[in-house]
Amino acid sequence: MENINITFPDGSVKQFEKGITAFKIAESISHRLADDALAVKVNGETKDLQCKLDTDSTIQFLTFKDEEGKEVYWHSTSHLMAHAVQEIYPEAKFGVGPAIEGGFYYDIDINSPITEEDLIKIENKMLKIAKCNDQFIRQDLSKDEAIKFFKAKGDEYKLEILSGIDENSESVSLYKEGEFVDLCRGPHLPSAGKIKYIKLLNISGSYWRGDEHNKQLQRIYGISFPKKKMLDEHLALLEEAKKRDHRKLGKELELFFFTPKVGAGLPLWLPKGTVLRETLENFLREEQVKRGYLPVITPHIGNIELYKTSGHYPYYKDSQFPTLKFENSAEEYLLRPMNCPHHFQIYSSKMRSYRDLPLRLAEFGTVYRYEQSGELNGLTRARSFAVDDSHIFVRQDQLKDEICNVIDLVQTVFSAVGFADFTTELSYRDNNDEKYGGEVELWEKAQKEIKAAADKMNLDYKIVEGEAAFYGPKIDFIVKDVLGRKWQLGTVQIDYVMPVRFDLEYIGSDGKKHRPVVIHRAPFGSLERFIGLLIEHFAGYFPTWLTPVQVTVIPVSQNYVEYAKKVLNSLKENGLRAEIDERNEKIGYKIRECEKNKIPYMLIVGEKEQTAGNISVRKHKEGDKGTLSLNDFIDNITDEIKNKLIN
RNA sequence: GCUGACGUAGCUCAGUCGGUAGAGCACAUCCUUGGUAAGGAUGAGGUCACCGGUUCAAUCCCGGUCGUCAGCUCCA
């Protein structure tokens, strides 16, 4: 019998009989490994443990600790769920059922809606089936055979998937688990018994193949774990996440709210939220002053012709509020969905020289977009929001340096608030010419510039084709919310199209007219979305420089209110955002309220403090910090604010 | 926009198998003047989202509208 060499992740090499299964190798190493292994990676490719090895290979066993191991585990659970659904609803037809980040789903076509109670039924059925511990058996077959099989079964969706498979380049395989057979690439767990703890999380509609013209199937989301503790921890984590939700905290901390009396998706900023927002705005204003930006202010509406010129209207009509017009007039106005056309007019308001460039016009400009009702999501997706917008007009030879400047600004902003966990995407055009304006060569040039700048700034980016704006490629900075949903914050966009449409020009050193390039950029993206993510990032515990109320003065009893007011005044005179709680309550009560309101510092003053002329400091989440002179406290907190410390 | 669920006091939620409602917190008044996460008493608060239908009677059943939530689709 021939032997093959198997290389393990630690570099060691062992000989095995040719044709041995990965599972046998695991067994030969330890029972523990054979038990924990879910799948195997052979020469970089994930496979079933039952796969046979015929050549020298490098292998790595995948357990639930590995991302790929989890993927296999959840993918197999989705099959198990489909199996359970098939038993309960024999008429069910199946779409796709992949593993996703944090679990799995399966799209199912059943006529009656699935309810929450049904989920429990399905869950119980799954556990029952898992106990049978049937193996996942792979069967490779030809496309024709597969078509025959699913025709007999009446699974139209599987047939549609099959019709898209090129038999020559992709293998066609089925996986059988008990009575349930599914078209699937695999790999899968050795058997269903590995799946121990299951929770079906929610049900929703989803269009077949993600196309809204297709039928909507019912999607069931779920997650599973090999250990009960893992499931419990995961569910606890989901509960925790809900507590950080900016929509919940926004209400609790009185930052903002929505009311249908004003309109869906139209946020109203309360005083505390406004302080937070203005603090952020001022921070960026100061940065922008240092970097040569010029402030401008423009109206929230504009003549419809402006948007016809820009090309936004009528192509994006669906996502704009209806136009405003008088009955007997041809005049028509649009609530602006973006600020650029206004800024272009400012650029054109006088003759520009090459010496004036880069010209950086900046405005916190509120825009209005009629987002689909189902898309609204607190501050992260609103119908009115302020873009920390700037349009930078540059010469071609200044473009790359200016993109670098802008990236640096975005990085400055992100690091000031401690956003370290973000991803960067370079969005390019794809081959669908209808989606984009301008000449292809200009696009290619712009994409090259953007990439060069991103490389120079050491951005760790991913290139995404087809995600560009219609006027040019862009760099997006993306942060996840508590529920794992991704949101674009900062953005840097290159535009060769608008300068042409608006006939923007400058006089070059040669005395002739030239076309500037425009950079659209917004480090926050929008104040609303940025603050929404910020609330969740800090779970409401903002750093002192940002928090709406920095200090609350708490007199121990009514007798010390006067002294407390003196303390309050000194704090205010030193520019601190301070309040006093002079209510007729015990200090334990007042402290509890401050803690709940996430106020960073409490100054407690009573007999001792009044006599000594000092204060007692309590820091939220930390407790009593002892006594300090008021001046020392003010020095410390002022320092903390000045340095924008994050703790 | 689509599928599903939900909408009861300022907030969090209970409740009514159809007879117009209740708790805790918050709020107000009084007692208490208290030293680091809830002192006590009393009181005020609701067109049960809105509009229509069925019914002797609707917060509850039915239809529509608005809004919220999850997901899909979309996202200049």
Side-chain angles (χ1 to χ4, degrees), chain A residues 100 105 107 112-116 118-119 201-221 242 245 247-248 251-252 254 257-265 307 310-313 315-320 336-341 367 369-378 381 387 435-437 467-472 474 483 485 487-488 491 493 495 497-498 520 554-561 583-597 602-609 616-627:
Chain A
I100 53 172
Y105 68 77
D107 284 347
S112 58
I114 297 169
T115 64
E116 309 232 335
D118 294 335
L119 287 190
L201 297 163
N202 44 45
I203 325 150
S204 78
S206 86
Y207 300 106
W208 168 238
R209 302 219 136 174
D211 185 337
E212 59 179 321
H213 303 292
N214 286 342
K215 179 164 184 183
Q216 203 163 44
L217 309 180
Q218 299 194 66
R219 175 173 294 181
I220 305 177
Y221 286 89
K242 277 188 199 151
D245 192 315
R247 293 166 295 191
K248 188 174 160 65
K251 205 187 287 180
E252 281 172 12
E254 296 181 9
F257 76 108
F258 293 87
T259 166
K261 285 176 184 162
V262 172
Y307 300 97
S310 72
H312 287 106
Y313 191 88
Y315 300 108
Y316 297 97
K317 216 176 163 184
D318 289 349
S319 51
Q320 288 161 188
R336 66 174 172 196
M338 73 289 303
N339 303 308
C340 15
V367 297
R369 302 182 187 176
Y370 195 79
E371 304 289 356
Q372 294 185 44
S373 57
E375 262 308 329
L376 298 176
N377 191 76
R381 195 78 182 270
V387 182
K435 276 165 64 183
Y436 311 103
E467 285 298 311
F470 80 92
Y471 48 72
K474 52 179 186 162
L483 298 174
R485 298 177 290 206
W487 300 97
Q488 178 200 311
T491 183
Q493 315 182 348
D495 183 358
V497 174
M498 293 297 164
H520 307 240
I554 302 177
V556 171
S557 82
Q558 303 278 289
N559 301 330
Y560 315 105
V561 168
R583 290 177 305 173
N584 182 6
E585 293 291 350
K586 290 188 160 184
I587 67 161
Y589 182 88
K590 298 183 188 178
I591 285 169
R592 178 180 154 82
E593 190 158 295
C594 286
E595 292 281 353
K596 276 172 62 180
N597 289 332
M602 286 151 266
L603 300 188
I604 286 130
V605 293
E607 183 66 37
K608 284 182 292 185
E609 290 77 12
S616 246
V617 181
R618 182 187 166 100
K619 184 111 197 260
H620 74 4
K621 292 202 283 191
E622 292 175 23
D624 196 347
K625 307 300 265 186
T627 54

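No experiment lies behind these values; they were computed from the predicted model shown. Each chain gets a letter, A, B and so on, in the order the sequences are listed, and its residues count up from 1. Heavy atoms only: backbone and side chains are in, while hydrogens, waters and symmetry mates are out.
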Can you name the atoms? Protein N/O to nucleotides 27-31 of chain B N/O, anything below 3.5 Å, with the distance.
{"unit_1": "B:C27", "atom_1": "OP1", "unit_2": "A:R583", "atom_2": "NH1", "d": "2.8"}

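In the set B:A70, B:C75, B:G1, the nucleotide with an atom closest to the side chain of A:R485 is B:A70. Side-chain atoms of A:K608 lie closest to B:G35 of the nucleotides B:U36, B:G71, B:G35. Closest approach to the A:Q372 side chain among B:C66, B:G1, B:A70 is made by B:G1 (side chain taken as heavy atoms from C-beta onward). For A:R592, the side-chain atoms get nearest to B:A37 when compared with the rest of B:U33, B:A37, B:U36. Counting only heavy atoms from C-beta on, A:L376 has its side chain closest to B:U68 among B:U68, B:A37, B:U3. If you check B:A70, B:C74, B:U33 against the side chain of A:N202, the one that comes closest is B:A70. If you check B:G35, B:C72, B:G67 against the side chain of A:Y221, the one that comes closest is B:C72. With distances taken from any side-chain atom of A:I591 to the nucleotides B:A37, B:C72, B:U12, the minimum falls on B:A37. Ranking B:A70, B:C72, B:U33 by closeness to the A:Q216 side chain, first place goes to B:C72. For A:I587, the side-chain atoms get nearest to B:U36 when compared with the rest of B:C11, B:U36, B:A70.
Taking atom C1' in both B:A58 and B:A49, the straight-line distance is 15 Å, to the nearest Å. Between the C1' atoms of B:A70 and B:U54, the separation comes to 33 Å (whole Å). Rounded to the nearest Å, the gap between the P atom of B:U59 and that of B:A9 is 15 Å. Between the P atoms of B:G10 and B:C50, the separation comes to 13 Å (whole Å). Nucleotides B:G39 and B:A44, compared at atom P, are 24 Å apart to the nearest Å. Comparing B:G45 with B:G1, their P atoms are spaced 39 Å from each other, to the whole Å. Nucleotides B:A26 and B:A38 have their C1' atoms positioned 12 Å apart, rounded to a whole Å. Annotation: B:U47 and B:C25 have their C1' atoms spaced 25 Å apart (nearest Å).
Nucleic acid contact class of A:E467 (heavy atoms, under 4.0 Å, all strands): none. Looking at heavy-atom distances under 4.0 Å, A:E254 makes no contact with the nucleic acid at all. Residue contacts shown for A:G210 are limited to sugar-phosphate atoms, with no base heavy atom under 4.0 Å away. Counting any heavy atom pair closer than 4.0 Å across all strands shown, A:G588 reaches sugar-phosphate atoms only and no base atom. Within 4.0 Å of A:P260, counting heavy atoms only, lie sugar-phosphate atoms of the nucleic acid but no base atom.
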Wobble G-U and Watson-Crick pairs count when both distances are under 3.5 Å; given that, what is the 5' to 3' dot-bracket string of RNA chain B, with | for pairing to other strands? (((((((..((((.....[..)))).(((((.......))))).....(((((..]....))))))))))))....
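Note: A:Q320 CD to A:E371 CD = 11.0 Å, rounded to the nearest 0.5 Å.
A:S206 contributes no side-chain N or O that forms a donor-acceptor pair with the base of B:U3 under 3.5 Å. Donor-acceptor pairing under 3.5 Å, judged by distance alone, is present between the side chain of A:Y207 and the base of B:G1.
Ring geometry, A:H312 versus A:F470: the interplanar angle exceeds 60°, so the pair is classed perpendicular (tilted spans 30 to 60°).
Along RNA chain B, the nucleotide nearest A:M338 and the nucleotide nearest A:A264 are compared for position; the residue whose nucleotide lies closer to the 5' end is A:A264.
Base orientation for B:G10: anti, the chi torsion being more than 90° from 0.
Using a 4.0 Å cut-off between charged nitrogen and carboxylate oxygen, A:R209 and A:D211 do not count as a salt-bridge pair.
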